[in-house]
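Written out below as C-alpha cells is the structure these notes cover.
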Amino acid sequence: MQRFIVVRCFYAVLVLFAVSIIVFVLARASGNPIDTMLPLDATPEQQQVFMELWGLDKSYPEQYFDFLVNAFRGDFGNSVKWADRTAMGLVIERFPLTLKLGAVAIGISVLLAVPIGVLSAVKKDTIFDLNGKVFALLGQATPPFWLGIMLIWIFAVELDFFPTGGDEGISWIILPAITLGWFQVAALMRLVRSAMLEVLETEYVTLARVKGIREWKVVWKHCLRNASIPPLTLFGILAAQVMTGAIVTETVFSLPGTGNLAIEAIRGRDYPVIQAVVVLFAVIYIGMNLAVDILYAYLDPRIRYDRA
Amino acid sequence: MTARNESAMSEPQQDVPNPNLSRREMGVGDVILQVRGLRTWFYTRAGIVKAVDGIDFDLRQGETLGIVGESGCGKSMTARSLLRLVPRPAGRIVSGQILLEGEDLVTKSEEEMRQVRGKRISMILQDPQTSLNPLYTIGNQLREALGQAHRGNSKSMVRRAIDALRSVNVAAPERRLHDYPHQMSGGMKQRVVGAIAISCEPSVIIADEPTTALDVTIQLQYLRLLKEIQENTGLAIIFITHDFGVVARMCDRVAVMYAGRIVEQGPVRELFNNPSHPYTEALMASVPKLEERVEWLYSIEGQPPLLRDLPPGCRFAPRCPEAREQCLAEYPSSHRLSPEHTAHCWRLDTSWQ
Ligand SMILES: Nc1ncnc2c1ncn2[C@@H]1O[C@H](COP(=O)(O)OP(=O)(O)O)[C@@H](O)[C@H]1O
Ligand code: SF4
Ligand SMILES: [Mg+2]
C-alpha cells in the first residue's frame with residue numbers, strides 16, 4: 001500500500017513537470033508580451049530594458065529554469081493588470097470562494113447521484129428508474145450557463161428565494177452550486193446505476209443473499225463498494241469539469257472567485273495571473289486524481305496488493 | 001420387450017400429489033423437503049419462459065438427490081426457487097408448494113425466508129472464482145454468515161470461523177481469515193464457499209454444479225469432502241450436475257430434468273440398471289468423463305426446446321428416436337416402475353404397442 005502511494009505520488013510529480021512545460025510554452029507561443037505590455041511607440045531601448053527586467057533576453061532553457069524555480073515557490077511575478085499585487089496572491093485570495101463552490105457542487109452531485117443511481121438499479125424498469133432516466137437526459141442536455149440563468153430568473157428574480165449574485169451569507173452558494181453540480185449528477189448517476197446492475201448480477205451477491213443477509217446490507221455493503229469503482233474514475237474528470245464549470249458559473253452569478261479572475265486575466269492578457277490560475281487548476285486536478293488512485297487502492301485489495 | 005416395460009405397463013399409476021402425504025411421511029421422520037407442482041416462470045418481452053414447469057420431488061434427511069440434465073433445462077432455477085431467490089422482477093414462482101419440514105416456503109414473507117436461507121437451506125454456487133466478494137476478507141465473509149445464526153463477541157466468532165475453515169480442511173485457518181479471495185486458489189475458494197454454506201448447520205444444502213470450474217483432482221477431493229460433511233452432520237444434499245458420472249459417485253437418488261420438468265426419477269441403482277425414459281438413456285450413453293467439461297450431448301441430436309413456446313406433447317419428442325403421433329398430442333403421465341422409480345413417457349403406457 002505504501003509503495004503504491006509512493007509510486008502514484010511520483011507519477012503526479014512527473015505530470016506536474018509536464019504541465020509546467022506546457023504552461024511555459026503556451027505563454028511564449030501566444031504572442032510577444034512586449035506587444036501588449038508596452039505602448040506601441042516604445043523605443044528599442046525601452047524594449048531592451050523591459051526584456052531584461054522580465055528575463056526575456058535569456059535563452060529558453062534558462063527562462064524555463066527560472067520559471068520552474070519561481071513557480072515552485074509560488075512566484076509567478078506581479079500581475080500586469082493589478083501591478084501592485086503578486087499573481088499568486090490574487091489567485092489565493094479568490095480561491096476560497098471557488099473551493100467552497102466546487103466542494104458544495106460535488107457534494108450535491110454525489111448526494112443526489114449515488115442514492116438515485118443505486119435505487120434505479122435496484123428498482124430497474126420501474127417508474128422510479130424511468131424517472132431517473134428522464135432526469136439524467138435533462139441533466140446532460142442542459143448547458144450550465146442556461147441552467148444558471150433559468151435558476152436566477154425563477155428562484156432569485158421571480159420567487160426572490162435567493163440573491164441573484166454576490167457572496168454574502170450561505171444562501172448565495174445554493175444556486176451556483178446546483179448549476180455547477182447539475183451536469184455531473186446525470187453522468188455520475190448513470191454510471192452508478194450501470195455499475196450497480198452489473199454487480200447485482202454477480203455470484204457473490206447471490207451468495208450474500210443465500211446467507212440470509214438483510215437486503216439493505218446486500219445492497220450497501222456487498223454491491224455499492226464494488227460498484228463505486230467505475231464511477232470513481234469519473235471523479236477525476238469531475239474535478240476538471242467543476243473547475244472549468246466554475247469559470248462559467250462564477251461569471252453568470254458574478255461571483256469573485258478564481259474562475260472569474262481567470263476571465264478577467266485573459267481579457268487583460270495578464271500572463272502571470274493566467275499562469276498562476278492554470279498551475280493551480282493543474283495541481284488540483286492532479287491532486288484529485290492522486291486521491292482517486294489512493295481511494296481505489298483503499299477500496300480494492302486487488303489493487304492494493306498486486307500493483308504496487 | 002424388457003421386463004421393466006412389462007411391469008410398467010401392467011400397473012401404470014398416476015402421481016397425484018397427496019395432501020396427506022406430508023404429515024404421514026413426516027411421521028416416519030425422514031422426509032424433510034417436499035416439492036409439489038413447482039412452477040417458476042419468467043415474464044419476458046418475448047413471452048413467458050417456463051424455466052421450471054411443474055416438478056415434484058422429495059428429499060430425505062441424510063440423502064443426496066441428484067438433479068441432472070443439459071444446460072438450460074431449469075436446474076439452477078429449481079435450486080433458486082427453493083430459496084426463493086429467483087431473479088426479479090422477470091422471474092416468479094407461479095404455483096406449487098415447497099414444504100420444508102411441513103412448512104410451505106412459497107407463502108412465507110421475505111423476512112421469514114431470510115430466516116430459512118443459510119440456516120435451514122443453504123447453497124453452494126457454481127463458480128468459486130466469483131462466489132466470494134473480492135473486497136472483503138474470507139474472515140469477514142465467514143463471520144457474516146455465522147452471524148445469521150450465532151450471537152457472540154468477536155472473539156468467539158473468530159473461533160467459530162476458524163472451526164468452520166478447519167471443517168473443510170483448510171490448512172492454517174487462523175492465517176487464512178485475513179486473506180482476500182484473490183490470494184487463494186480456486187480449490188481453496190471452493191472450500192471457503194463450502195464452509196460458508198455449512199456454517200449455520202442447515203438441514204439442506206443445494207450444490208449447483210459445484211465442481212465444473214475446478215480441475216479433476218480437486219473436483220474429486222471436493223466431492224469427497226462434501227460426502228464427509230454429510231456423514232458427520234446428516235444433512236441432505238441436492239446435487240445439481242449435467243454429469244452422470246458424478247451422479248453415480250455422489251447420489252442416492254436422481255431426478256432427470258428436461259425442459260423444465262422431471263422426466264424420470266428414482267434410486268440411482270435402479271435408474272442405471274433400468275433407464276426408462278429415452279432422454280435418460282441418451283444422457284447415460286454420453287456419460288462425460290469427469291475430466292471433460294461437456295455442455296452438450298454427443299448422442300442426442302438437436303437442442304432442448306425453447307422454454308417459451310413448448311410443444312403440447314412430450315417435450316423430448318422432437319429429439320426422441322422413438323417418438324410417435326401420440327407423443328406429440330399429449331404430455332405423458334407418470335408411470336411407476338417401482339415404489340420409488342417413476343418416468344413420464346408414453347412408451348411405458350399400455351396403449352404403446
Ligand atoms: N433472468 C432470466 N430471464 C429469462 N429467462 C431466464 C432467466 N434466467 C434463466 N432463464 C431461463 O431459464 C431456463 C433455465 O435456466 P437454468 O435453471 O439456469 O438452467 P440450468 O441450470 O439447467 O442450466 C433457461 O433456459 C433460461 O432461458
Ligand atoms: S413420450 Fe414419446 S417422445 Fe416422449 S420420450 Fe417417450 S417415446 Fe419419446
Ligand atoms: Mg445452471
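Below, chains carry the letters A, B, ... as their sequence lines are ordered, and counting in each starts from 1.
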Notebook entry, point to check: Which residue, A/His222, A/Arg302, A/Lys221, forms the side-chain contact (heavy atoms from CB on, under 4.5 Å) with B/Leu135?
Noted result: A/Arg302
Item checked: Top of A/Ile213, A/Leu299, A/Val199, A/Leu207 for chain B proximity - count of heavy-atom pairs under 4.5 angstrom -> A/Ile213
Check: In terms of heavy-atom pairs under 4.5 Å, which option from B/Thr137, B/Leu132, B/Ile206 contacts chain A the most?
Finding: B/Leu132
Next item on the list: Check B/Ala145 against A/Lys211 and note the closest heavy-atom contact, atom names and distance.
Entry: CB-CD, 3.3 Å
Next item on the list: First locate atom CD of A/Glu203, then atom CG of B/Leu125, and finally report the distance between them rounded to the nearest 0.5 Å.
Entry: 5.0 Å
Checklist line | B/Glu110 portion near chain A, given a 4.5 angstrom heavy-atom threshold | finding: neither
Checklist line | Proximal component of B/Arg88, with respect to chain A [non-hydrogen, under 4.5 Å] | finding: neither
Note to self: Out of B/Met113, B/Gln141, B/Arg84, return the one with the most heavy atom pairs under 4.5 angstrom to chain A.
What the structure shows: B/Gln141
Next item on the list: Let me know if B/Leu83 has heavy atoms under 4.5 Å from chain A in its side chain, its backbone, both or neither.
Entry: side chain
Notebook entry, point to check: Measuring heavy-atom distances to chain B, does A/Leu200 have an atom under 4.5 Å in its side chain, in its backbone, in both, or in neither?
Noted result: neither
Notebook entry, point to check: What residue, out of B/Ile121, B/Thr130, B/Val116, has the most heavy-atom pairs lying under 4.5 Å from chain A?
Noted result: B/Thr130
Note to self: With side chain to side chain contact (heavy atoms under 4.5 Å, CB included) as the criterion, how do B/Arg114 and A/Glu215 come out once you've worked through the C-alpha distance, each side chain's angles and the decisive distance to 0.1 Å?
What the structure shows: CA-CA 9 Å; B/Arg114 232 172 41 73; A/Glu215 187 62 19; over 6 Å; no
Note to self: Just verifying a value: how many Å separate A/Asp300 CG and B/Tyr180 OH, rounded to the nearest 0.5 Å?
What the structure shows: 9.5 Å
Notebook entry, point to check: Got B/Arg80 and A/Thr206 here, is their nearest side-chain heavy-atom distance under 4.5 Å?
Noted result: yes
Next item on the list: Using a cut-off of 6.0 Å, state whether more than 12 heavy atoms not belonging to B/Glu111 lie near its atom CD.
Entry: yes
Check: For chain A, which residues of residues 183-204 of chain B have at least one non-hydrogen atom nearer than 4.5 Å to it?
Finding: B/Gln183, B/Ile196
Margin query: So if I apply the side-chain contact (heavy atoms from CB on, under 4.5 Å) rule between A/Tyr204 and each of B/Pro134, B/Pro181, B/Ser131, which one comes out positive?
Written below: B/Pro134
Margin query: Rounded at 0.5 Å granularity, tell me how far OG1 in A/Thr202 sits from CG in B/Asp127.
Written below: 11.0 Å
Check: Which region of A/Lys123, side chain (C-beta onward) or backbone (N, CA, C, O), has a non-hydrogen atom less than 4.5 Å from a non-hydrogen atom of chain B, or is it both or neither?
Finding: neither
Margin query: With chain A as the partner, which of B/Ala149, B/Gly147, B/Gly118 has the greatest number of non-hydrogen pairs under 4.5 Å?
Written below: B/Gly118
